[in-house]
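Proteins come first, then strands; the chains are lettered A, B, ... in the order of their sequence lines, and each starts at number 1.
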Amino acid sequence: MMAYHGIVIAGFGGQGVMLIGQLIATAAMLEGKHSTWFPSYGPEMRGGTANCTVVVDEKPIASPVVETPTEVVAMNYPSMMKFGKVLKSGGYLFINSSMIHETLDRKDIKLISIPVNDIADRIGNLKVANVVMLGAFLELTKTVEFKSVEEALREKLTGRKSALLDYNLRALEEGAKYVRKSMSTVG
Amino acid sequence: MMAYHGIVIAGFGGQGVMLIGQLIATAAMLEGKHSTWFPSYGPEMRGGTANCTVVVDEKPIASPVVETPTEVVAMNYPSMMKFGKVLKSGGYLFINSSMIHETLDRKDIKLISIPVNDIADRIGNLKVANVVMLGAFLELTKTVEFKSVEEALREKLTGRKSALLDYNLRALEEGAKYVRKSMSTVG
Amino acid sequence: MARVEGYVEIDTERCKGCGLCINACPTKVLEFDMGTFNSKGYHPARYKGTGCIACGFCYMMCPDVCITVYRSVPATVGK
Amino acid sequence: MARVEGYVEIDTERCKGCGLCINACPTKVLEFDMGTFNSKGYHPARYKGTGCIACGFCYMMCPDVCITVYRSVPATVGK
Amino acid sequence: MTKKIMMKGNEAIAEAAIRAGCRLYFGYPITPQSEIAEYMARRLPEVGGTFLQTESEVATVNMVYGAACTGRRVMTSTSSPGFSLMQEGISYIAGAELPCVFVNVVRGGPGLGDIQPAQGDYFQATKGGGHGDYRVIVLGPSTVQEAVDLMGLAFDLADKYRNPVLVLADGLIGQMMEPVELPEMRDLSNLPDHSSWALVGAKGRKPHKVTSFNIDPHELEKMNKRYQAKYREIEKNEKRWENYRVEDLEYLLVGYGTSGRILKSVADMARGDGIKVGVFRPITLWPYPYEALAEVAEKARFVLTVEMSSGQMVEDVKLALEGRVPVYFYGRMAGVVPTPEEIYRHFVKLLEEG
Amino acid sequence: MTKKIMMKGNEAIAEAAIRAGCRLYFGYPITPQSEIAEYMARRLPEVGGTFLQTESEVATVNMVYGAACTGRRVMTSTSSPGFSLMQEGISYIAGAELPCVFVNVVRGGPGLGDIQPAQGDYFQATKGGGHGDYRVIVLGPSTVQEAVDLMGLAFDLADKYRNPVLVLADGLIGQMMEPVELPEMRDLSNLPDHSSWALVGAKGRKPHKVTSFNIDPHELEKMNKRYQAKYREIEKNEKRWENYRVEDLEYLLVGYGTSGRILKSVADMARGDGIKVGVFRPITLWPYPYEALAEVAEKARFVLTVEMSSGQMVEDVKLALEGRVPVYFYGRMAGVVPTPEEIYRHFVKLLEEG
Amino acid sequence: MEKAIFNPPKSLSKREFTYCPGCHHGIVHRLIAEVIDELGIREKTVIIAPVGCSVFAYEFFELDGTVAPHGRALAVATGMKRARPDLVVFTYQGDGDLAAIGTAETIHAANRGEKLTTIFINNAVYGMTGGQMAPTTLIGQKTTTTPYGRNHEKDGYPIHISEILSTMNGVAYLERVTVDTPQNVRSAKKAIKKAFLAQIKGLGFGLVEVLSACPTNWGMNPVEAMTWLREHMAKEFPPKLFVDKVGDG
Amino acid sequence: MEKAIFNPPKSLSKREFTYCPGCHHGIVHRLIAEVIDELGIREKTVIIAPVGCSVFAYEFFELDGTVAPHGRALAVATGMKRARPDLVVFTYQGDGDLAAIGTAETIHAANRGEKLTTIFINNAVYGMTGGQMAPTTLIGQKTTTTPYGRNHEKDGYPIHISEILSTMNGVAYLERVTVDTPQNVRSAKKAIKKAFLAQIKGLGFGLVEVLSACPTNWGMNPVEAMTWLREHMAKEFPPKLFVDKVGDG
Ligand SMILES: Cc1ncc(C[n+]2csc(CCOP(=O)(O)OP(=O)(O)O)c2C)c(N)n1
Ligand SMILES: Cc1ncc(C[n+]2csc(CCOP(=O)(O)OP(=O)(O)O)c2C)c(N)n1
Ligand code: SF4
Ligand code: SF4
Ligand code: SF4
Ligand code: SF4
Ligand code: SF4
Ligand code: SF4
Ligand SMILES: [Mg+2]
Ligand SMILES: [Mg+2]
């Protein structure tokens, strides 16, 4: 696996894109890697578009900004259009196929469609759609290890939130499972 | 007469030191000369010390500030002590002997004592003591001509103030007269 | 007196699914369209199709100016 | 009852000749000292020398805290 | 030729503004420039103008913003602490590209300081006291007459470039009296036309929007590029300075405003002693006349910069000369005005040491 | 070694302040730094401190003034427009020689601008956004960890010199998360002693007076000379910078804060292509490490300065190099953060152009 | 034949609002636009937007407009109106904008009796910056800067701007309203119209304080937020007509 | 045996006041010093002077002291008191300082109920800067910036700070007084004492507004100025006890 990851995760506010970015960055730290996370919001007060950039590397990170991401996660259509374009050639584009019905016209990237809302719905909690996506993402990119993300999740979900831990762990796993199953379809 | 005059006029607020400075500067302008007037006030709100610097010259005035004045007018004791010291060697020091009973220990200057309050009192208006001083000043220094100052006074004292014109003209003349009479006593 | 007959048009792309119109409608003829997301990601409001009395409450409460209320001239002219 | 006898001391160097003490004195025993200027150029206030009842009005009105008012113990001890 | 009259700098500035077509003044009193407001309060009603004493300098700068939105000529004046309070507003005005004129009659600082003439606000004036990449055109008068002339120029430049213009005077310019000639009254009907952007009601046209705001950084960067292009244009067109006895100079004195004028006395003194000294006096402090300064300074053995500050404009002198000529500095701070004699003494010391 | 934790820059700054002994925070919300206030609101009560949300930035800076009068450690934080509003107060604080710490998490400007990371407030920060001759110590962190470290330093320098210290971050430092190690809690009983001047009641001693005011310009000039002597002392002692891969450099990149850190990626790219590029990153922006920069830059064929502004620090670079090495500039404005790739492309273009 | 009896007013631009779902800012925008339409003053009216969630307001109206520095809308408006007394100038401001940083500008514009109209959105919180305490935050209310609830000893009391302004000669129209029911929306519109009339008739300063929901920062859904507004905010800030020099007709 | 029954209080420094002859600032300084002496709090009291004629006030008291930026005394005081709640902190402010540029700081300190004391010198004019209009200048009064007399249409109405503050929960003591007669001086002193007690007892914010003469800028001699104060200023600003949570004893 490559050492450097420059990841953009984008979607509507409320889709939890910030959280999964933070989980990756935290997991990287737990593994002794370097990582940065940086958010960006659209003009809407709430519920507009939002994205974050995560960098993971073996050595200290000079630039926390990324011109051509190595991976893009698009939770909605505008995000796919915006960030799919700048994705590095050969990079992964993860799209939420529960909400995105079109695809991107690029032959030089690896496009992974995951119906994360549907999967989350099946798990019983629509809110973990983002973590389903994270599971898929990790399964393919190996940016960080599952167990580090689990640790990060455990640290985050304490107190009243600990009830949600199970849903999240399931989501991680279901996401991974989904891509493992559909691996063959990836170009 | 010399072309350049750098004059400091100082006293308590209310003694009219600013006005006589302005009259000299205005008169100089009326004669086609260059002139500047610049005020300075002490820390008191009112009634404290105040002084102004007047420069008159044949050519454009570069510096409106004066390190060693060619003439000093001191309407009270602190002013004499402060500005008498920096007066140019050979320069005139005019003091208001109605309020200053000491003299300055300098042999290289021309000290002129005029009891301007007493003279003004005699004229019938204590407020013109400053103009008495101005008369004395002009008579000796010839910085500007009397008629220019009269013109400046006429411009200044219009409307309700025109009643004061006569007092001022008398004061000018009495001041001049006083030094003409006492000329012989000047060192 | 005959009940006024009306209907509403909702700009579903503009709608943010806040539900204030639904809440305000005295005849309960508005609902969320759970079947679709608009491009902002919301389930827009939708008119059930009948029963509107053109009271304008939904219009008045809609913070996103999505609603136009029509008063149909009774029965004669079709929609 | 015997009238209280008092007297006042005025810090004439501090005085600004505003006259508020003179104005306030119920027994009119304060006046301007027209014969002198202090170093600030004012005619200071002065106690006429007798008649003060130590009411403190002058002290209370003096904006420059120039006045100290004394109450003399009746007659016995000299000034 | 109009008649010369004796006027206090502050009053001359006010009258010059009115003659330049300014009919709107907003201001909060502060020494040593309150006479500007007082003059306006008396005079503006006579010419159909509006004077408003505001509740603070923060309110002032924003009233200027609002008035400038209508395209009418508007000004305010203040002194150092008051000008600091206006910095946020000035940044907004520059970002919204509104024409208006500020006068800062500088006094001794920092903080409450004193009320005497100083030049300690040069950095604030020229490098942008507020936030963000913006520029204010800064004019530095050295006589009352020049203050009058620059007031007219200030309004014209403000209109021409839709940019705030600052007349940076000091307490001496504000408080001194000198003979001045005043210009004629401008014909108000002939002032620049701002109808293409001014906020005066969207009658029969698309609404106008005046703003320094754009949530999208790429769009905001486009706005910034527009500002920067304008600044380059101003740099190209508007640099002004005065050379004094520089033809054969061996030493150069540099100063602006009051200290610039005093330096002429110093040059005269030196020449009296047979030393060939010239003076360079920048009149526009932004844009700074770097090239003109470099040109006259090339010939100098050294340059002495004199300011009524701890040394601020001297950085621009150094930027102009890039180490090719030694640059020395002499300054008085906090409201002390240097005399020609003391400057000359310092100059002679440098000569002897060097 | 303490454990690393993942923290947002703003929160790390707040926690670092508390660990440095700061128990007083006054502030008014503004993006992109409101998390500092929010963190303080939650955390200060836990450690016996005081958080107060103020009515405005003008009030804030003056509350800081008041709290600093007591000698206790106090801070505030804001972003660009808010910092502009504090300029009058900062000038007073500097004049009164009060120790306190400011954080400006800079956003795109001018005016309302946007809320993205920018570096357009460099001039304001380093040359004095307020009036008068004063200086603020300015520290420019480039990582969350460095922000934490510099917060501690900021309080120490403020106390040591009785001077305001500004941590000049940008929205990226404030908003990003990075792993950090936090220092231990400072022992409050061991903080510097300010009893010789602080306002805590004149018990058994002459009253203390804290002021920036003196009506006599000669006395005020004495105060100014005292400040200036202190500033020279700070310049002597406190310059800080980082050199990156400069040993054998042929080209030098200069940048501070976020752009400084991004330049390291550029240097790595260049070196990947066999071009010997180094980076100079000033950490103290005032006092600026002119000499250290000159030393590494001497060997360079040219210097490329990169800022998230239209070019402000580049003036200090030029002042350091005095024309001995060509200085180029590359900037993005208004909240756009340059990528290493685009900077490298610009660098290569400069190389090719000669 | 059918007739649109309720449809978007002309004085609104076509731009979609950037507000959160259920935010009352949008309702109030529409009312203002309706009033401007009805008064026929669109072509001479200028909007001064604040910094706050409604920072884009100057884009949402089909009017000339600008955005003032945070808190300074009434100073900007004063400058504009003094420059062009023939214009109708109104400000639209939040509670942070008008009652915290802008306190002095508010008080003095009102006290001077500037011929201006102000729509004051009191939502007891700083919406735009993410839910910090506003000067109008209720005692006990949790915000991001009063995480333990507003405590009057530490954080002070909620400020009552309308009560303060009601003591002033310069004020010609002053009312506090809500927009939580269709009926109240209708009354709010009447108040807004009168606040404009106070300006147009040259009577003085007009202000309408609108108690408004911020579902996002209150952490409630839009319908819950309505209820909270009624049950809590309207207790601390009772809707009331304070000053009416406009009269009827 | 004789006894000084009225003599300068210990809490005043020996420095001569820089005020004009007959200026009331001096009377009020003395009263404050007497109150501090009587309360025995000199060694823990700090004065915050304003910018105004009383800018030197921090030098006139034998107290630790500082001078705030113009208008910001109550913000400075708030910072100080929050840092050291054990201190007694008071501000001394003019009408320009407190009621114009400092409006927001005044209103919010009062509204928060800061435990502070403010002595507010209302002399209807900007003394220090040479007699410009103050927010409290009377209608018709001529000043250097209202050369034709204050006109409410152009210049607005005189502001009534005490009336405004009287609407606020945070205020524990609030009174408007004069010092134009020995009797009124005595009452003014009582009010000042209570305003300090409001702070000392932790009840909240205390303010005393003192109607004061500025003979210089009013263009009157000190005795005439007294009369004008009584006959004109006290009509617009009637002396009154607005709030007293201190009670007696
Ligand atoms: C000088 C300045 N300080 C702070 C800010 C940040 N800021 C933007 S909006 C806002 C407050 C918004 O609250 P409010 O006025 O109540 O409006 P709302 O968003 O609730 O409608 C603040 C503090 C700013 N832009 N400028
Ligand atoms: C920011 C700022 N603006 C203006 C001034 C100038 N200034 C000094 S005192 C003052 C007003 C004085 O009036 P007031 O507060 O009523 O006090 P008074 O002199 O009447 O006692 C002003 C405007 C200043 N020092 N700082
Ligand atoms: S107009 Fe009235 S009845 Fe019709 S949908 Fe709207 S609220 Fe319901
Ligand atoms: S009120 Fe408007 S935005 Fe809300 S659900 Fe109904 S139509 Fe949509
Ligand atoms: S104490 Fe009373 S009686 Fe005595 S001088 Fe003073 S005012 Fe007059
Ligand atoms: S009141 Fe005081 S200052 Fe005034 S005249 Fe009397 S002693 Fe002098
Ligand atoms: S944050 Fe609150 S006030 Fe702002 S748009 Fe959202 S709901 Fe409305
Ligand atoms: S100007 Fe007025 S307020 Fe100031 S000291 Fe003189 S009399 Fe007093
Ligand atoms: Mg709000
Ligand atoms: Mg006053």
**Student:** Which heavy atom of Pro9(H) sits nearest to which heavy atom of Tyr59(D), and what is that distance?
**Tutor:**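 Looking at all heavy atoms of both residues, the shortest contact is CD-OH, 3.8 Å.
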
**Student:** Run the side chain to side chain contact (heavy atoms under 4.5 Å, CB included) test on Asp180(H) and Met61(D) for me, step by step, so that the C-alpha distance in whole Å, both residues' side-chain angles and the decisive distance to 0.1 Å come before the verdict.
**Tutor:** CA-CA 8 Å; Asp180(H) 58 336; Met61(D) 295 311 294; 5.5 Å; no

**Student:** Compare every heavy atom of Arg14(D) with every heavy atom of Lys14(H), then report the nearest pair and how far apart it is.
**Tutor:**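 Looking at all heavy atoms of both residues, the closest pair is O-NH1, 3.1 Å.
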
**Student:** Roughly how far, to the nearest 0.5 Å, is SG of Cys15(D) from CD of Glu16(H)?
**Tutor:**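 Result: 10.0 Å between the selected atoms.
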
**Student:** Compare all side-chain heavy atoms of Pro63(D) with those of Phe17(H) and state whether any distance is below 4.5 angstrom.
**Tutor:**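 Heavy-atom side-chain distance check fails, nothing below 4.5 Å.
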
**Student:** Under 4.5 Å heavy-atom distance to chain H, tell me which part of Ile22(D) shows up: side chain, backbone, both or neither.
**Tutor:**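 Neither part.
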
**Student:** May I ask you to test the Val185(H)-Phe57(D) pair for a side-chain heavy-atom distance under 4.5 Å?
**Tutor:**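 They are not in side-chain contact.
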
**Student:** Using atom types as modelled and distance alone, determine if a side-chain donor or acceptor of Lys16(D) lies under 3.5 Å from a backbone N or O of Tyr19(H).
**Tutor:**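 The answer is yes, because a donor-acceptor pair under 3.5 Å joins these two groups.
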
**Student:** Could you please spell out the steps behind the side chain to side chain contact (heavy atoms under 4.5 Å, CB included) verdict for Met60(D) and Gln183(H)?
**Tutor:** CA-CA 9 Å; Met60(D) 266 184 270; Gln183(H) 292 73 20; over 6 Å; no

**Student:** Looking at every heavy atom in both Pro21(H) and Cys18(D), which two are closest together, and how far apart are they?
**Tutor:**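 Distance-wise, the nearest heavy atoms are C-CB, 3.7 Å.
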
**Student:** Under 4.5 Å heavy-atom distance to chain H, tell me which part of Cys55(D) shows up: side chain, backbone, both or neither.
**Tutor:**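 Just its backbone gets close to chain H.
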
**Student:** With a 4.5 Å cut-off on side-chain heavy atoms, are Asn7(H) and Val69(D) touching?
**Tutor:**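 No, every pair of side-chain atoms sits at 4.5 Å or beyond.
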
**Student:** Once you round to the nearest 0.5 Å, how far does CG of Asn23(D) lie from OG1 of Thr181(H)?
**Tutor:**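 Answer for the CG-OG1 pair, Asn23(D) versus Thr181(H), is 11.0 Å.
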
**Student:** Identify the two heavy atoms, one from Ile5(H) and one from Ala54(D), that lie closest to each other, and give their separation to 0.1 Å.
**Tutor:**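 That would be CD1-O, 3.5 Å.
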
**Student:** Count the heavy-atom pairs under 4.5 Å between each of Gly19(D), Cys62(D), Ala24(D) and chain H, then report the option with the highest count.
**Tutor:**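 Counting heavy-atom pairs under 4.5 Å, the top option is Cys62(D).
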
**Student:** On a heavy-atom basis, which atom in Thr68(D) and which in Pro8(H) lie closest, and how many Å separate them?
**Tutor:**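 Closest approach of Thr68(D) to Pro8(H), heavy atoms only: OG1-CD, 3.8 Å.
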
**Student:** Any idea which of Lys189(H), His29(H), His24(H), Arg15(H) has the most non-hydrogen atom pairs under 4.5 angstrom with chain D?
**Tutor:**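 It is Arg15(H).
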
**Student:** Please round to the nearest 0.5 Å and tell me the distance separating atom CZ of Phe6(H) and atom CD of Glu9(D).
**Tutor:**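 CD of Glu9(D) is found 15.5 Å from CZ of Phe6(H).
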
**Student:** Taking every non-hydrogen pair under 4.5 Å, which of Val28(H), Leu31(H), Ile27(H), Val179(H) racks up the most with chain D?
**Tutor:**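 So the answer, after comparing Val28(H), Leu31(H), Ile27(H), Val179(H), is Ile27(H).
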
**Student:** Given a strict heavy-atom distance threshold of 4.5 Å, which part of Asn221(H) is in contact with chain D: side chain, backbone, both, or neither?
**Tutor:**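 Neither part; nothing is under 4.5 Å.
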
**Student:** Okay, side chain of Arg30(H), backbone of Asp64(D): is any donor-acceptor separation there less than 3.5 Å?
**Tutor:**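 No, Arg30(H) side chain to Asp64(D) backbone: no donor-acceptor pair under 3.5 Å.
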
